[in-house]
Amino acid sequence: MASNTSKRKSSAVNGGGPLKKSGHWSQGLKASMDDPELVVEEDDRLVIIKDKYPKARHHFLVMPRESIANLKALDSRHLDLLRHMQSRGEELAAKTSKTLQFRLGYHAIPSMSHVHMHVISQDFDSVCLKTKKHWNSFTTEYFLDSEDVIQMIENFDAVEVNSSDSEKILKKDLRCHKCSKEFSTMPALKKHIVVHIANE
DNA sequence: GTTCTAGAAC
DNA sequence: GTTCTAGAAC
């Protein structure tokens, strides 16, 4: 074994941030779109990648090639694109598993820049799913279904997100997304949710 | 978004 | 003593 096995070196190693070369971490999806290891499907309007830290057995991100910063930048001009993203996402979900259920949608306040639609199976059986924020971001109103986002734009020509409410949602108590049973810790919740996964 | 870890919670 | 969460990261 080499040196420094027991303690991590300080940030002096690469002169500052861990992502200095590739830019700020929040811009990471841009690079992922060009990573052949992650891309599963693409066409002239979008790219679909595997989430680098999947929060379920199947977790994809559908991203427009056109750079759109966030949900607030969306309006009726994007309706065709958004419908296409949902359509391609539904196809991929159907192709991926006949038994698992999926949801397609957007986080109210995503951490990563560049609009991305999650396509995620509802088992949430993943070692990458660790925190209350992870859980609540996929199982509460924080998760905006694609069809609802599209409908909002059809009706109001915009997506309305209350950022103050959204932040509070992430702090809510842990509840099973299937039976609403409450749990005090993530390990307890994770142990429970597997009972809802249908055997294949 | 993740990693790391102090100290709260048990 | 161990598990678990939550905040800093320049």
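None of the values given here were measured: they were computed from a predicted structure. Just so it is clear: chains get the letters A, B, ... in the order the sequence lines come, proteins before strands, and each one is counted from 1. These values consider heavy atoms only, across backbone and side chains, with no hydrogens, waters or symmetry-generated copies.
Taking the centre of each ring, A:Phe138 and A:His59 come in below the 6.0 Å mark.
Scanning residues 161-195 of chain A for heavy-atom distances under 4.0 Å to DNA chain B yields an empty list.
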List the atom pairs, donor and acceptor, that lie under 3.5 Å between side-chain atoms in residues 188-198 of chain A and the rest of the protein, sequence neighbours left out.
unit_1: A:Lys190; atom_1: NZ; unit_2: A:Ser126; atom_2: O; d: 2.7
unit_1: A:Lys190; atom_1: NZ; unit_2: A:Leu129; atom_2: O; d: 2.7
unit_1: A:His192; atom_1: NE2; unit_2: A:His196; atom_2: NE2; d: 3.2

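Nucleic acid contact class of A:Lys52 (heavy atoms, under 4.0 Å, all strands): none.
With rounding to whole Å, A:Asn70 atom CG is found 16 Å from B:dG1 atom C1'. One atom, NE2 of A:His59, and another, P of B:dT2, lie 10 Å apart when rounded to the nearest Å. When rounded to the nearest whole Å, the span between OH of A:Tyr53 and P of B:dG1 equals 12 Å. The CZ atom of A:Phe138 sits 7 Å away from the P atom of B:dG1 (whole-angstrom rounding). Atoms CH2 (A:Trp135) and P (C:dA6) sit 16 Å apart, rounded to a whole Å. Put simply, CG on A:Leu29 is 11 Å from P on B:dT2, counting in whole angstrom units. B:dG1 atom P lies 7 Å from atom CH2 of A:Trp25, rounded to whole Å. Atom pair A:His24:NE2 and C:dC10:P shows a separation of 12 Å (rounding to whole Å applied).
For A:Asp44 and A:Arg65, the salt-bridge test fails: no basic side-chain N is under 4.0 Å from an acidic carboxylate O. A salt bridge is absent between A:Glu66 and A:Arg77: the closest approach of a Lys/Arg side-chain nitrogen to an acidic carboxylate oxygen does not fall below 4.0 angstrom.
If you take NE2 on A:His84 and CG on A:Leu79, they are separated by 14.5 Å, rounding to the nearest 0.5 Å.
When the side-chain nitrogen and oxygen atoms of A:Lys130 are compared with OP1 and OP2 of C:dT5, none of them lie within a distance under 4.0 Å. When the side-chain nitrogen and oxygen atoms of A:Lys55 are compared with OP1 and OP2 of B:dT2, one or more of them lie within a distance under 4.0 Å. Taking side-chain N and O atoms only, A:His134 has a distance below 4.0 Å to OP1 or OP2 of B:dT2.
Put simply, the side chain of A:His114 never gets that close to the backbone of A:Met112: no donor and acceptor are under 3.5 Å apart.
Counting all heavy atoms, side chain and backbone alike, A:His177 lies closest to A:Gln122 at NE2-O, 2.8 Å.
No donor-acceptor contact under 3.5 angstrom links the side chains of A:Glu147 and A:Gln151, judged on distance only.
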Can you give the dot-bracket line for DNA chain B, using ( ) for pairs inside the strand, [ ] for pairs that cross earlier ones, | for pairs with another strand and . for unpaired bases, where Watson-Crick and G-U count if both distances are under 3.5 Å?
.|||||||||
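Within the cation-pi definition used here (under 6.0 Å to the ring centroid, within 45° of the axis), A:Lys181 qualifies as a partner of A:Phe183.
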